[in-house]
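Hydrogens, waters and symmetry mates play no part in the numbers below; they use all other heavy atoms, side chains included. Along the sequence shown, residues carry numbers from 1.
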Amino acid sequence: MSFLLPKLTSKKEVDQAIKSTAEKVLVLRFGRDEDPVCLQLDDILSKTSADLSKMAAIYLVDVDHTPVYTQYFDISYIPSTVFFFNGQHMKVDYGSPDHTKFVGSFKTKQDFIDLIEVIYRGAMRGKLIVQSPIDPKNVPKYDLLYQDI
């Protein structure tokens, strides 16, 4: 289903999307088109994109084509999903140590829709970090990797 969503293939395209997406949540899915978990997430993103079109713009970003952002957001597991609103990086408290991105696939379409709604409402009120509405059992668990310490 990744062919149904627009792809950003360079740092310049990602920069432009971050700068130009206004009054909507910008969803950037970092991953690879051939990865099975990325395909599972892409299916959820593509099925919800029409329903969320007034609240969110969804793009796929290939980690191999944007090493600057892959390193900046510490994308060590794929897929990783990062959120912005009016050029501001939106953080979400998932009950895990990392609030900068969602790692893995969402369990259900409704989990993703609920998260976008919470981010959108929080951002409209000026918040830069919001509490995740997703049941903690549905948030993938992983260990943070610290490199070059």
Is there a path of hydrophobic side-chain contacts, each under 4.5 Å between heavy atoms of I, L, V, M, F, W or Y residues, that connects I44 with Y59?
-> no
Drop me the distance from F83's CZ to L115's CG, to the nearest 0.5 angstrom.
-> 4.5 Å
For the atom pair CD1 (I116) and CG (L52), what is the distance rounded to the nearest 0.5 Å?
-> 6.0 Å
Any chain of hydrophobic side-chain contacts (each under 4.5 Å) joining V37 to Y94?
-> no
Audit row: L45, L60, side chain to side chain contact (heavy atoms under 4.5 Å, CB included) steps and yes/no | CA-CA 10 Å; L45 297 178; L60 308 181; 4.3 Å; yes
Test item: K11 and V14 side chains (from C-beta on) under 4.5 Å apart, heavy atoms | no
Could you pull out every donor-acceptor pair under 3.5 Å between side chains of residues 20-28 and any protein atom, sequence neighbours left out?
from	atom 1	to	atom 2	distance (Å)
S20	OG	Q16	O	2.7
T21	OG1	A17	O	2.7
E23	OE2	N86	ND2	3.1
K24	NZ	S53	O	2.8

Is D15 salt-bridged to K19, cutoff N-O under 4.0 Å?
-> no
Check the pair T66 / L8 against side chain to side chain contact (heavy atoms under 4.5 Å, CB included), numbers first and verdict last.
-> CA-CA 9 Å; T66 54; L8 304 176; over 6 Å; no
Is L5 linked to V61 within one hydrophobic cluster, defined over Ile, Leu, Val, Met, Phe, Trp and Tyr using a side-chain heavy-atom separation of less than 4.5 Å?
-> no
Heavy-atom closest pair (G31 atom, C38 atom, distance to 0.1 Å) is CA-SG, 3.7 Å
Could you tell me whether a side-chain N or O of K47 sits under 3.5 Å from a main-chain N or O of K109, the two making a donor and an acceptor?
-> no
Under the side chain to side chain contact (heavy atoms under 4.5 Å, CB included) rule, what do K107 and I134 come out as? Steps first, then yes or no, please.
-> CA-CA 9 Å; K107 296 276 190 250; I134 301 172; over 6 Å; no
Nearest 0.5 Å please: distance from the CD1 atom of I129 over to the CD1 atom of I119.
-> 10.5 Å
Between K7 and D62, is there a salt bridge with N-O shorter than 4.0 Å?
-> no
What is the minimum heavy-atom distance between V103 and S80, and which atoms define it?
-> CG2-OG, 3.8 Å
Could you give the distance from CZ (F30) to CD1 (I75), rounded to the nearest 0.5 Å?
-> 5.5 Å
Would you indicate whether Q110, at its atom CD, is surrounded by more than 12 heavy atoms from other residues, nucleotides or ligands within a distance under 6.0 Å?
-> yes
Do F102 and F85 share a hydrophobic cluster (ILVMFWY, side-chain heavy atoms under 4.5 Å, transitive)?
-> yes
Quick one: does E13's side chain have a donor or acceptor within less than 3.5 Å of a partner on T9's backbone?
-> yes
Can you pull the side-chain hydrogen bond (donor to acceptor under 3.5 Å, both in side chains) pairs that have at least one residue in residues 119-134, sequence neighbours excluded?
-> none
Out of F84, Y69, Y72, which residue meets the ring-ring contact (aromatic ring centres under 6.0 Å, His included) rule with H89?
-> F84
Kindly work out whether a path of hydrophobic side-chain contacts (I/L/V/M/F/W/Y, heavy atoms less than 4.5 Å apart) joins I113 to M90.
-> yes
From I78 CD1 over to L41 CG, what is the distance, rounded to the nearest 0.5 angstrom?
-> 11.0 Å
Test log, rule side chain to side chain contact (heavy atoms under 4.5 Å, CB included), inputs I58 and F112 = CA-CA 12 Å; I58 303 170; F112 179 65; 4.0 Å; yes
How far does CZ of R29 sit from CG of D42, to the nearest 0.5 angstrom?
-> 4.0 Å
